[in-house]
Amino acid sequence: MTRAASHIGMALAVATALTTGFSSAFAQDLKLMDTKDVDPAMLKDMYGTWEIQGAGGRKRCRVVLKSESTIGGSQIDVGKDCAKTFPIMGDIAAWRLYENWTIGFADATRKLRIRFSTPDERYVAEPETDGIKTIVKK
């Protein structure tokens with residue numbers, strides 16, 4: 001697999017959302033990625049600016065996924081207008097990386113609120129939450 005294909009598979013993104021209505025059993029099936037054995041270059045590609053988009057890309061907001069730890073995962077900077085565009089983003093306090101390069105956004109109580117997974121070469125929302133359809137690496 002080329003580096004570009006690998007990057008697309010894990011870094012180009014389309015969002016998957018996991019909301020409070022989902023069963024806790026579903027959330028428990030997710031396992032955090034053990035990053036000790038991950039190529040540092042691939043892991044580094046996860047950090048930085050991403051754009052959350054609604055269907056058709058008309059609604060969008062930016063987030064920055066950071067490598068620094070915080071309660072509930074790693075630090076995330078959520079754009080100041082994100083909560084206006086996608087209300088759930090006002091609750092997001094951390095992000096996590098799960099096996100299979102799944103990205104999870106958690107609230108201040110450490111509850112998984114949005115999940116972004118890659119069934120193909122992009123991330124997709126399953127299900128969409130507050131109109132969130134995709135997340136794309138910028």
Side-chain angles (χ1 to χ4, degrees):
M1 177 182 286
T2 67
R3 175 152 169 76
S6 174
H7 183 321
I8 289 171
M10 72 172 189
L12 276 182
V14 187
T16 359
L18 178 64
T19 65
T20 53
F22 261 81
S23 74
S24 61
F26 183 71
Q28 291 171 357
D29 288 343
L30 295 173
K31 291 186 173 43
L32 290 173
M33 182 181 284
D34 182 358
T35 58
K36 289 179 270 181
D37 296 326
V38 175
D39 176 355
M42 291 177 72
L43 193 56
K44 186 178 177 185
D45 284 343
M46 297 302 294
Y47 306 130
T49 304
W50 293 72
E51 185 175 76
I52 295 172
Q53 300 177 354
R58 288 183 298 274
K59 288 184 171 183
R60 48 183 73 201
C61 74
R62 292 191 182 244
V63 295
V64 178
L65 305 184
K66 298 182 171 190
S67 61
E68 297 83 12
S69 295
T70 191
I71 294 173
S74 296
Q75 294 178 15
I76 183 172
D77 284 343
V78 177
K80 64 179 181 174
D81 292 333
C82 266
K84 288 180 188 175
T85 306
F86 305 110
I88 195 168
M89 294 305 297
D91 296 336
I92 302 305
W95 77 280
R96 304 174 189 143
L97 187 58
Y98 294 94
E99 291 178 345
N100 298 320
W101 299 97
T102 296
I103 299 169
F105 285 179
D107 64 19
T109 67
R110 300 180 185 146
K111 184 174 186 175
L112 184 62
R113 300 295 302 273
I114 304 174
R115 188 185 76 175
F116 306 94
S117 61
T118 55
D120 52 26
E121 291 190 3
R122 57 189 183 136
Y123 286 96
V124 258
E126 296 172 3
E128 294 177 30
T129 301
D130 285 346
I132 294 173
K133 180 78 173 176
T134 64
I135 184 170
V136 178
K137 177 77 172 171
K138 290 296 179 175

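All heavy atoms count here, side chains included; hydrogens, waters and symmetry mates do not.
Between the K137 side chain and the Y47 main chain, a donor and an acceptor come within less than 3.5 Å of each other. The main-chain N or O of R122 is found under 3.5 Å from a side-chain atom of D120 such that the two form a donor-acceptor pair.
In terms of heavy-atom proximity, A94 sits nearest to G73 at CB-N, 4.0 Å. When all heavy atoms are compared, the tightest approach of F116 to I132 is CE2-CG2, 4.4 Å.
Residue I114 holds its CD1 atom at 4.5 Å from CD1 of I88, rounded to the nearest 0.5 Å. Rounding to the nearest 0.5 Å places OG1 of T118 at 10.0 Å from CH2 of W101. Atom CG of residue D37 and atom CG of residue D39 lie 11.5 Å apart, to the nearest 0.5 angstrom. Rounding to the nearest 0.5 Å places CE of M89 at 5.0 Å from CZ of F105. If you take CD1 on I92 and CD1 on I52, they are separated by 8.0 Å, rounding to the nearest 0.5 Å.
Among residues two or more places apart in sequence or in another chain, the side-chain contact (heavy atoms from CB on, under 4.5 Å) test is passed with P119 by S117, V124, E126. Looking at residues two or more places apart in sequence or on another chain, you find no salt bridge (charged side-chain N to carboxylate O under 4.0 Å, His left out) involving R96.
Applying the disulfide bond (SG atoms under 2.5 Å apart) rule to pairs touching residues 56-122 yields C61-C82, sequence neighbours excluded. Residue pairs meeting the side-chain hydrogen bond (donor to acceptor under 3.5 Å, both in side chains) criterion with at least one member in residues 57-71, sequence neighbours excluded: E51-R60, K66-D77. Listed by first then second residue, pairs satisfying disulfide bond (SG atoms under 2.5 Å apart) with a partner in residues 96-138 number zero, not counting sequence neighbours. Here side-chain hydrogen bond (donor to acceptor under 3.5 Å, both in side chains) pairs that include residues 80-95, with residues two or more places apart or in two chains, are D91-R113.
Neither V64 nor L97 shares a network with the other; the hydrophobic side chains, linked directly or stepwise wherever heavy atoms of I, L, V, M, F, W or Y lie under 4.5 Å apart, form separate groups for each.
Side-chain polar atoms of N100 and T102 form no donor-acceptor pair below 3.5 angstrom.
With contacts defined as side-chain heavy-atom distances shorter than 4.5 Å, the pair W50/I103 qualifies.
Within a 6.0 Å sphere centred on CG of L32, heavy atoms belonging to other residues, nucleotides or ligands number more than 12.
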